[in-house]
Protein chains: 2
Amino acid sequence: MDEKRIAEIFKAFCDENRIRIIKLLRSGEKCACKLLEEINVTQPTLSHHMKILCDAEIVVGRKEGKWTHYSISEKGVKQAKECLRHLTTLDVESTNESCREK
Amino acid sequence: MDEKRIAEIFKAFCDENRIRIIKLLRSGEKCACKLLEEINVTQPTLSHHMKILCDAEIVVGRKEGKWTHYSISEKGVKQAKECLRHLTTLDVESTNESCREK
DNA sequence: AAAATATATTGACATTTTTCTATATGTTGC
DNA sequence: GCAACATATAGAAAAATGTCAATATATTTT
């Protein structure tokens, strides 16, 4: 996966308000109006954060009439975990020259 | 863990150059001069990114004379994984009111 | 069809982040 | 001690991000 996409995924987790939103979704699907009650931002700001979370595919929105219900995306989370695992696992295959000197 | 610290950890993964650096460290410990050769930024910019990676505890620096050797921190990675797991795991204990309406 | 409600988009502003140049600090070898 | 090298810090500029007020869009209700 390219660096740009990886960055996009993890941007979900690097803003305090988005982390609060994710924590709220741990208890299950919630509509935007409910999230808005529990978080200290205006409605357009919440909408902006939900877009970032959805673009990262950590969250999915389900439209139902005038409401949008958001929930944690199992699929996206799996991808994020796999991505984190891959990034941080030593690659034993690759040779290594640790320093120009020595 | 508080939102601020969680955001700090995942900031390691939300910049393209930092992801490139982490990918380079997958092949093992590397000194700053070696990383600098392989990445298209100036030395102070690299230093800045290394600080963010170290603050997130995803990377550790080992000083040896005039060199600093960087490597992926198993301990920090473990914490990040655990953090991601916790954030994205449904909390079955908590009751849920998904929407104000209905 | 008009009013009310839920969410998204636009545009402006403030803050944060990334980047650079210049300079400082610390280490090694002469 | 001095020159050369590796890395860090300071400060400034540019870019990206977070935030809000205003407004648009879509849906439901009356």
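In what follows, chains carry the letters A, B, and so on, assigned in the order in which the sequence lines appear, proteins first and then strands, with residues in each chain numbered from 1.
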Practice task
Specify the separation, in whole Å, of atom CG of Leu46(A) and atom P of dT9(C).
Solution key: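 Atom-to-atom, Leu46(A) to dT9(C), this comes out as 13 Å.
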
Practice task
Calculate the interatomic distance between Glu8(B) atom CD and dT17(C) atom P; express it in whole Å.
Solution key: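 One finds 10 Å between P of dT17(C) and CD of Glu8(B), rounded.
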
Practice task
Starting at the 5' end of nucleotides 24-30 of chain C, put B wherever the base has a protein heavy atom under 4.0 Å, S where only the sugar-phosphate does, and a dash everywhere else.
Solution key: ---SS--

Exercise for the section: Please name all residues satisfying side chain to side chain contact (heavy atoms under 4.5 Å, CB included) with Leu35(B), sequence neighbours left out, ordered by chain then number. Expected result: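 For Leu35(B) the side chain to side chain contact (heavy atoms under 4.5 Å, CB included) partners, ignoring immediate neighbours, are Ile21(B), Leu24(B), Leu25(B), Lys30(B), Leu46(B), Met50(B), Tyr70(B).
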
Handout entry: Lys81(A) atom NZ, neighbour heavy-atom count above 12 within 6.0 Å
Key =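 Yes.
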
Between [X] and [Y], does any side-chain N to carboxylate O distance fall below 4.0 Å?
X        : Y        : value
Glu93(B) : Arg26(A) : no
Lys11(B) : Glu8(B)  : no
Glu97(A) : Lys34(B) : no

Handout entry: pair Cys99(B)-His69(A): side-chain heavy atoms closer than 4.5 Å
Key =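 They are in contact (side-chain heavy atoms under 4.5 Å apart), so the answer is yes.
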
Practice task
For the residue pair Ser71(A) and Val60(A), establish whether any side-chain heavy-atom pair is separated by less than 4.5 Å.
Solution key: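 A side-chain contact under 4.5 Å exists here.
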
Exercise for the section: Determine the interplanar angle of the Phe10(B) and Phe10(A) rings, folded into 0 to 90°, and report it as parallel if under 30°, tilted if 30 to 60°, perpendicular if over 60°. Expected result: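 Plane angle under 30°, so parallel.
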
Handout entry: Under-3.5 Å donor-acceptor pair between Gln43(B) side chain and dA6(D) base
Key =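 It does not, because no donor-acceptor pair links the side chain of Gln43(B) to the base of dA6(D) below 3.5 Å.
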
Practice task
Would you classify Ser47(B) as touching base, sugar-phosphate or nothing, given that sugar-phosphate means primed atoms plus P, OP1 and OP2, and contacts are heavy atoms under 4.0 Å?
Solution key: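 Base contact.
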
Practice task
Only pairs at least two apart or in different chains count here, so list each salt bridge (Lys or Arg N to Asp or Glu O under 4.0 Å) that has a residue in residues 67-80 of chain B.
Solution key: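 Passing the test, one end in residues 67-80 of chain B: no pairs.
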
Exercise for the section: Output the residues of residues 24-42 of chain A in contact with DNA chain D, where contact means a heavy atom of the residue under 4.0 Å from an atom of the strand; sort by number or write none. Expected result: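 The answer is Val41(A), Thr42(A).
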
Problem - Selection residues 15-24 of chain B - residue pairs positive for side chain to side chain donor-acceptor pair (under 3.5 Å), sequence neighbours left out - result: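 Counting only pairs at least two positions apart or across chains, the side chain to side chain donor-acceptor pair (under 3.5 Å) contacts touching residues 15-24 of chain B are Glu3(A)-Lys23(B), Glu16(B)-Arg20(B), Asn17(B)-Arg20(B), Arg18(B)-His49(B).
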
Using nucleotides 11-18 of chain D, report all nitrogen or oxygen pairs with the protein that are shorter than 3.5 Å.
from, atom 1, to, atom 2, distance (Å)
dT17(D), OP1, Lys11(A), NZ, 3.0
dG18(D), OP1, Arg18(A), NH1, 3.3
dG18(D), OP1, Arg18(A), NH2, 3.0
dG18(D), OP2, Arg18(A), NH1, 3.3

